[in-house]
A.B. asks: 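My questions all concern the structure below.
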Amino acid sequence: MKRYNPKDIESKWQKVWESSGLYRASDKDSRPKKYILEYFPYPSGAAMHVGHVRNYTIGDAIARFNRMRGFNVLHPMGWDAFGLPAENYAIKNNISPKVAIAENTKRFKQQLMQMGFSYDWSRELNSSDPNYYKWTQWFFLLLYRRGLAYRRESLQWWCPFDKTVLANEQVEAGRCWRCGNEVEKKALKQWFFKITDYADRLLLDLDDLNWSDSIKNMQRNWIGKSEGAEINFAVESSTDKLKVFTTRPDTLFGATFMVLSPEHPLVEKITTKEQKQHVTTYVKAAQASSDIFREKTDREKTGVFTGAYALNPLSGNKLPIWVADYVLSGYGTGAIMAVPAHDERDYEFAQKFKLPIVSVIEPKFIADTGESAVLKNQEYVKREAVVAVVRNPKTDEYLCISWKTHRMNGLVTGGIDDSEEPAAAAAREVLEETGYKNLKLISDPGVYIHSLFYHRQKQQNRWAHFRFVFFDLINEERSKVSAKEASLLKPVWIAKDKLESFFNVVEGKYLQKIIDNPLAVYSGEGVVVNSGKYDGMDSSACREQIVHDLEVAKSGKGVTNYKMRDWLISRQRYWGAPIPVVYCESDGIVPLSEDQLPLKLPEVSAIEPSGDGRSPLAAVNSFVNTKCPKCGGPAERETDTMDGFACSSWYFLRFADPHNKDAPFSKSQADYWLPVDDYIGGAEHAVMHLLYARFWTKVMKDEGLIDFSEPFMTLRNQGMILAPNGSKMSKSKGNTIEPDGLIEQGYGADSIRVMELFIGPWDQSVNWSVEGLGGTYHFLQRIWTLVSEYLDSSGGEKESEALKQIMHKTIHRVDKDLLELSFNTAVAALMECVNGLYKLKAAEGFEAVEWQWAIETLLKLLAPFAPHISEELWQAIGGEESVHIESWPEYEPNYLVDETIKIAIQVNGKIRGELSVAAGTDQAEIETKAKEELKVKAHLEGKQIIKTIYVPDKLLSLVVK
RNA sequence: GCGCGGGUGGUGGAAUGGUAGACACUCAGCACUUAAAAUGCUGUGCCCAAAAGGCGUGCGGGUUCAAGUCCCGCCCCGCGCACCA
């Protein structure tokens, strides 16, 4: 046989596979189905590099493995062709987007083809094809019919220099990506999809998906559900109500002022004459500053007083109303009640503008683990108590207590006796427990916590209400501590920065915080105080009570708020699916009827944005001017096109039935193939595509088009391939590595594929390695050489248990690793297998009768990774059908165990020797042999074995004294 | 600040609580060759000339006969979100 040369075999097999339809999925089949899908690519000007290829290689390995395991596999490919990047590429190269897409898809397809991926190309689709976007438009009409598409005015990024609307991704650090000028916002009438109607379901259904926690959390965060209350505050000497949203109605009595965002409509109405000038100046400045600036969280709080006051609906307190840009107009009601004691931002603001701070929640800590864990089913004994914080000013150390009776480290604490002042009680406790007698009172700010723990001495559950008292040590003079106290605990001085690690009481972290600043903001749960009749309630219970009372008083209600906004789909751009509605003077907004679809995108000469905020289609009179479908009178078409994400929100369904002319897909085919079993792609789609596709799927379910409500059951996010120096690969940096060049150099697609999987865990980012690619090429070449030599040999009749063992072990490992998607170790197992076969060949030649079977098995195991060389060698050793439709090998468990095994011997936890024994040798014999081992013997000399642990067939551990 | 990853030789990475460094890359040596490449074989964590021995999985503690792995507390790097009340 000739030497291994990928160029001789790869394109040959690619043609054979394609012409024989080897990878076509069958719509009617008795086998169980698997739908393996990779995100369909965006055919931009930049060709695919090895990072993109990793995505498809993973999908292809899964698809091929499952095909061989007997599944009916759907593994399709198509093109996400509409959208901005294609349009910009076309503008830049002065060609039409249609031509650009045609060129780019051709290039991409050729790249995918040359990698030998097992796609069912008969299902190829292109989202810019009228046969496809007809149905995207059909879905728009469906959403409209269901009340999920609506039109309203909204602000959009606008570049005043280029006179064009910009998409979010075209705004870089507040500037236009093309001319570098600062962008502004412009009000335009836009179409939206009402994804917020589905917020709860999108959130809830996440729980059942086999997706990474990271992506699920990104979606949860994006949806941003928060439960709370809307509270109406009356505005003094005005009929206006000031409505705020809060998640902490339990802190209502702690509100000391109100804040409106600069955009809030009430600002102008309620500002007093005296304050008018200040407020106007502030609001103007806020509106003029860029969003980039306003979103900075590290800048100092700013704001002005409006002169107006609001009234707390429950306490009746009078609260000054301020305007400040730290309150966002886009979230909640654009106004807040400020609770500086329990909110960091409000605290910062209150500090700066000298506004009052009222604490209404006292922290509550319950010990639930460790030696002081409270006993369930036991009543609490309540005690008023003190915590003495004693600092030694000379050393900046704090007086702490370490208990001798149990593991507990804390501060000096104790109960307050009847009619005793807290400061006196604290000083007394310090004296009794530690003997220090000369203390100077620094402060007693009235700061409390509740600490619930099990009191070991008193043997009862304690609920201590601790008050903090702060002292400095005057001198180190001490009196004698009673014998009883001395036997229980000992005083220790701990440096300030060591306190946190020293404390092991449940409130330890908080102690540190309170020592730093006794008036620190506390935003957790606790016990309500300073709140009239609500005093003493748990904060969570108080929340419910206050919401209830507000509802009764008609000044508030419980509400759920979401960060997620409706999905703006209008694009003032040419290259997208036209929005299928017309505007009629008498009928208003009129949707097209289904038989008027597809509404084709007209061919135009100029696709550059017109400059007035409308799409280039606005200049095409033959497109714009039409008749109203309802009354037949003159009407104008919508000239905006749909966001590209609309097209990609249903493509996975079209693959199930790609040539259907009567519907987007038939229900039976969709229900057969979907949901997608494995969806593979990068994490960049986390909150856009993956959320939109889930939304559309749920709408389709509600419409009765399909029987499932989640499109992708398992999502796999592959790690990025970085340039060899660790930087991101990008065309602009000129550091991309494309498979084409590597194939041209002679490595071949198979080596690249194996490298993509072997380079590291598939879900982790890794730097590409040119040297490593040489390694996988070498590996394939060794297989080629081995098979060549086998074919040249004369064979033999002997039996080789060793050969069988190598192969069964390899089947077991590759099988297990592929089920776990541990591709890198699966490849390593194959490499070890080949190394083993080389050794065996050197020892015994090809005499064993099992060699034919062994090589067949090796090639089958290799097929999902390196399909071309597997196929070529499969044919060479006499295979009649393709190796890729062979069934996956099975292993025999009795070949997985070795006859002779090595037992490690440990003495006091260290390895001191090794024994080679027959598998299943009993412990007594191993112990005897172990004690005779020279090194082991030396370590046992003059010592006594006090414990022996034996892990069968693995290790013997001796503990000596 | 919050969420999610990650930290193991010169490098990429392996390790159900049970011999850390599988498998590769790199490098060195040997064989083949007139020579080189290719190929095959051997070696390759660190300290010590070597042996013996010791040290080693970001740092500090802990549990255990035994910890990369489990527990507690930190540090660093990457990604995402972020004045969301």
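So that the names make sense, note that chain A is the first sequence line, chain B the second, and so on, each numbered from 1.
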A.B. asks: Check every strand shown and say whether A/Arg782 touches a base, only sugar-phosphate, or nothing at a heavy-atom separation below 4.0 Å.
C.D. replies: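 Contact class for A/Arg782: sugar-phosphate only.
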A.B. asks: Counting only distance, no hydrogens or angles, is the base of B/rG5 paired donor-acceptor with the side chain of A/Gln764 under 3.5 Å?
C.D. replies: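 No, the side chain and the base share no sub-3.5 Å donor-acceptor pair.
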A.B. asks: Is a side-chain N or O of A/Thr776 found less than 3.5 angstrom from the main chain of A/Ser751, in a donor-acceptor match?
C.D. replies: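 Present.
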A.B. asks: Is there a donor and acceptor pair closer than 3.5 Å between the side chain of A/Glu771 and the base of B/rU26?
C.D. replies: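 Answer is no: no donor-acceptor pair is held.
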A.B. asks: Any donor-acceptor pair under 3.5 Å linking the side-chain atoms of A/Ser226 with those of A/Asn561?
C.D. replies: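 Looking only at side-chain atoms, A/Ser226 and A/Asn561 do not form any donor-acceptor pair under 3.5 Å.
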A.B. asks: From B/rU19, B/rA15, B/rC83, pick the nucleotide closest to the side chain of A/Thr825?
C.D. replies: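 Side chain of A/Thr825 sits closest to B/rA15.
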A.B. asks: Please classify the glycosidic conformation of B/rG45 as syn (within 90° of 0) or anti (everything else).
C.D. replies: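 Anti, which is what one calls it when the glycosidic angle falls more than 90° from 0.
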A.B. asks: Base, sugar-phosphate, or nothing: which does A/Arg813 touch, judged by heavy atoms less than 4.0 Å apart?
C.D. replies: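 If one applies the 4.0 Å heavy-atom cut-off, A/Arg813 turns out to touch nothing in the nucleic acid.
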A.B. asks: Side chain of A/Ser957 only, please: which of B/rG54, B/rA22, B/rG18 is the nearest?
C.D. replies: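 Closest nucleotide among those given: B/rG18.
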A.B. asks: Given B/rC4, B/rC81, B/rG12, identify the nucleotide with an atom nearest to the side chain of A/Asn221.
C.D. replies: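 Of the options given, the side chain of A/Asn221 lies nearest B/rC81.
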A.B. asks: With heavy atoms under 4.0 Å as the rule, sort A/Lys816 into base, sugar-phosphate or nothing.
C.D. replies: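 The residue A/Lys816 makes no contact with any strand.
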A.B. asks: Tell me whether the NZ or CZ atom of A/Lys513 lies within the 45° cone about the ring axis of A/Tyr510 and under 6.0 Å from its centre.
C.D. replies: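 Here A/Lys513 fails the 6.0 Å and 45° test against A/Tyr510.
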A.B. asks: Any base atoms under 4.0 Å from A/Lys910, or only sugar-phosphate, or nothing? Heavy atoms, all strands.
C.D. replies: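 Sugar-phosphate, no base atom in range.
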A.B. asks: In whole angstrom, what separates A/Leu242's CG from B/rA85's C1'?
C.D. replies: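 One finds 13 Å between C1' of B/rA85 and CG of A/Leu242, rounded.
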A.B. asks: C1' atom, B/rG68 versus B/rG17: distance in rounded Å?
C.D. replies: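 B/rG68 and B/rG17 have their C1' atoms separated by 11 Å.
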A.B. asks: Of the listed nucleotides (B/rC25, B/rG18, B/rG12), which one gets closest to any side-chain atom of A/His778?
C.D. replies: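 So the nucleotide nearest the side chain must be B/rC25.
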A.B. asks: Using atom C1' of each nucleotide, how far apart are B/rG21 and B/rU69 to the nearest Å?
C.D. replies: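 Between the two C1' atoms, the distance is 15 Å.
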A.B. asks: Would you mind telling me which of B/rG3, B/rA14, B/rU19 lies closest to the side-chain atoms of A/Asn217?
C.D. replies: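 In terms of side-chain proximity for A/Asn217, the closest of B/rG3, B/rA14, B/rU19 is B/rG3.
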A.B. asks: When the P atoms of B/rA28 and B/rG3 are considered, how many whole Å apart are they?
C.D. replies: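 Here B/rA28 and B/rG3 have their P atoms 49 Å from each other.
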A.B. asks: Would you say a side-chain N or O of A/Arg912 is under 4.0 Å from OP1 or OP2 of B/rG54?
C.D. replies: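 Yes, within the criterion.
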A.B. asks: A/Glu230 side chain to A/Gly556 main-chain N or O, any donor-acceptor pair under 3.5 Å?
C.D. replies: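 Judged by distance alone, no pair lies under 3.5 Å.
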A.B. asks: Checking all strands, does A/Val327 fall into the base, sugar-phosphate, or nothing category for heavy-atom contacts under 4.0 angstrom?
C.D. replies: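 If one applies the 4.0 Å heavy-atom cut-off, A/Val327 turns out to touch a base.
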A.B. asks: Picking from B/rA24, B/rA14, B/rC83, which would you name as closest to the side chain of A/Pro761?
C.D. replies: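 In terms of side-chain proximity for A/Pro761, the closest of B/rA24, B/rA14, B/rC83 is B/rA14.
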A.B. asks: Measuring to OP1 and OP2 of B/rC65, would you say a side-chain N or O of A/Lys947 lies under 4.0 angstrom away?
C.D. replies: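 Checking B/rC65 against A/Lys947, a side-chain N or O does come within under 4.0 Å of OP1 or OP2.
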A.B. asks: How close or far is atom P of B/rC23 from atom OH of A/Tyr777, stated in whole angstroms?
C.D. replies: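 Answer to the nearest Å: 23 Å.
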A.B. asks: Going by modelled atom types, is there a donor-acceptor pair between the base of B/rC4 and the side chain of A/Ser214 at under 3.5 Å?
C.D. replies: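 No.
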A.B. asks: Checking the side chain of A/Ser539 only, and the main-chain atoms of A/Gly526 only, is there a donor and an acceptor separated by less than 3.5 Å?
C.D. replies: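 Here the side-chain-to-backbone pair exists.
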A.B. asks: In this structure, how many angstroms lie between the C1' atom of B/rA20 and the CD atom of A/Gln906, rounded?
C.D. replies: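 A/Gln906 atom CD is separated from B/rA20 atom C1' by 13 Å.
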A.B. asks: Ignoring the backbone of A/Met218, work out which of B/rG40, B/rG80, B/rG18 is nearest its side chain.
C.D. replies: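 In terms of side-chain proximity for A/Met218, the closest of B/rG40, B/rG80, B/rG18 is B/rG80.
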A.B. asks: Using a heavy-atom cut-off of 4.0 Å across all strands, would you classify A/Ile759 as base, sugar-phosphate, or nothing?
C.D. replies: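 Result for A/Ile759 = sugar-phosphate.
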A.B. asks: What's the gap between B/rC4 and B/rG29 when it is taken at their C1' atoms, as a whole Å value?
C.D. replies: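 Result for the C1' pair: 47 Å, nearest Å.
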A.B. asks: Considering every strand and a 4.0 Å limit on heavy-atom distances, what is the contact class for A/Gly332: base, sugar-phosphate, or nothing?
C.D. replies: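 Result for A/Gly332 = nothing.
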A.B. asks: Select base, sugar-phosphate, or nothing to describe what A/Phe779 touches, counting heavy atoms under 4.0 Å on all strands.
C.D. replies: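 Answer is nothing: A/Phe779 stays at 4.0 Å or more from every strand.
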A.B. asks: If B/rA24 has a Watson-Crick or G-U wobble mate with both distances under 3.5 Å, name it; if not, just say none.
C.D. replies: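 B/rA24 is paired with B/rU11.
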A.B. asks: By the 4.0 Å heavy-atom rule, please label A/Glu914 as base, sugar-phosphate, or nothing.
C.D. replies: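 If one applies the 4.0 Å heavy-atom cut-off, A/Glu914 turns out to touch a base.
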A.B. asks: For B/rC70 and B/rG10, measure between their C1' atoms and round to the nearest Å.
C.D. replies: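 Nearest-Å result for B/rC70 against B/rG10 at atom C1': 32 Å.
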A.B. asks: What nucleic acid atoms does A/Glu344 come within less than 4.0 Å of, heavy atoms only: base, sugar-phosphate, or nothing?
C.D. replies: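 Touches nothing.
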A.B. asks: For A/Glu820 and B/rA14, give me the distance from atom CD to atom P, rounded to whole Å.
C.D. replies: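 In whole Å, B/rA14 P and A/Glu820 CD are 12 Å from each other.
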A.B. asks: Can you check the A/Asp817 CG to B/rU16 C1' distance for me, whole Å?
C.D. replies: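 Computing the A/Asp817:CG to B/rU16:C1' distance gives 14 Å.
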A.B. asks: Could you tell me how far B/rC77 sits from B/rC83 if I compare only their P atoms? Round to whole Å.
C.D. replies: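 That atom pair is separated by 23 Å.
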A.B. asks: What contact category does A/Val766 fall into here, base, sugar-phosphate, or nothing, at under 4.0 angstrom with non-hydrogen atoms?
C.D. replies: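 The residue A/Val766 makes sugar-phosphate contact but no base contact.
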A.B. asks: For RNA chain B, whose closest nucleotide is more 5', that of A/Gly909 or that of A/Gly774?
C.D. replies: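 The residue closer to the strand's 5' end, by nearest nucleotide, is A/Gly774.
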A.B. asks: Which nucleotide in the list B/rC23, B/rC83, B/rG18 gets nearest to the side chain of A/Glu832?
C.D. replies: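 Taking heavy atoms from C-beta onward, the closest nucleotide is B/rC23.
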A.B. asks: Name the closest nucleotide to the A/Tyr331 side chain, picking from B/rA85, B/rG40, B/rG12.
C.D. replies: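 Of the options given, the side chain of A/Tyr331 lies nearest B/rA85.
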A.B. asks: How is A/Ile911 classified with respect to the nucleic acid when contacts are heavy atoms under 4.0 Å: base, sugar-phosphate, or nothing?
C.D. replies: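 Sugar-phosphate contact only - A/Ile911 comes under 4.0 Å of backbone atoms but never of a base.
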A.B. asks: Base, sugar-phosphate, or nothing for A/Thr247, non-hydrogen atoms under 4.0 angstrom?
C.D. replies: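 Sugar-phosphate contact only - A/Thr247 comes under 4.0 Å of backbone atoms but never of a base.
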A.B. asks: Does the pair A/Asp763 and A/Arg716 meet the rule for a salt bridge (Lys or Arg N to Asp or Glu O under 4.0 Å), with working shown?
C.D. replies: CA-CA 8 Å; A/Asp763 53 353; A/Arg716 307 184 187 280; over 6 Å; no
A.B. asks: Name the closest nucleotide to the A/Arg299 side chain, picking from B/rG54, B/rC83, B/rC23.
C.D. replies: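 Of all the options, the side chain of A/Arg299 is nearest to B/rC83.
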A.B. asks: Could you give the OH-to-C1' distance, from A/Tyr562 to B/rA85, as a whole number of Å?
C.D. replies: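 So the OH-C1' distance, A/Tyr562 to B/rA85, works out to 17 Å.
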A.B. asks: Does a side-chain N or O of A/Asn824 approach OP1 or OP2 of B/rA14 to a distance below 4.0 Å, or not?
C.D. replies: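 For B/rA14, OP1 or OP2 has a side-chain N or O of A/Asn824 closer than 4.0 Å.
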A.B. asks: Quick one: does A/Ile721's side chain get under 4.5 Å of A/Val766's, heavy atoms only?
C.D. replies: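 A/Ile721 vs A/Val766: side chains touch.
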A.B. asks: Please find the pair of heavy atoms, one from A/Tyr326 and one from A/Ala338, that lie closest to each other, and give the distance.
C.D. replies: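 The answer is OH-CB, 4.5 Å.
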A.B. asks: Quickly work out the A/Ile949 CD1 to B/rG18 C1' distance and round it to whole Å.
C.D. replies: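 Atom CD1 in A/Ile949 sits about 10 Å away from atom C1' in B/rG18.
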A.B. asks: Between atom CD in A/Glu789 and atom P in B/rG40, what is the gap in whole Å?
C.D. replies: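 Roughly 9 Å, once rounded to whole Å.
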A.B. asks: Check every strand shown and say whether A/Asn835 touches a base, only sugar-phosphate, or nothing at a heavy-atom separation below 4.0 Å.
C.D. replies: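 A/Asn835: backbone/sugar contact only, no base atoms under 4.0 Å.
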A.B. asks: How far does the C1' atom of B/rA14 sit from the matching atom of B/rG7, given to the nearest Å?
C.D. replies: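 Approximately 16 Å lies between the C1' atom of B/rA14 and that of B/rG7.
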A.B. asks: When the C1' atoms of B/rC23 and B/rG13 are considered, how many whole Å apart are they?
C.D. replies: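 These two C1' atoms come out 8 Å apart once rounded.
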A.B. asks: For the residue pair A/Lys809 and A/Glu832, establish whether any side-chain heavy-atom pair is separated by less than 4.5 Å.
C.D. replies: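 In short, these two side chains do not touch, never coming nearer than 4.5 Å.
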A.B. asks: What are the two closest non-hydrogen atoms of A/Ile759 and A/Asn767, and how far apart are they?
C.D. replies: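 Scanning both residues completely, I find the closest heavy atoms to be CD1-O, 3.4 Å.
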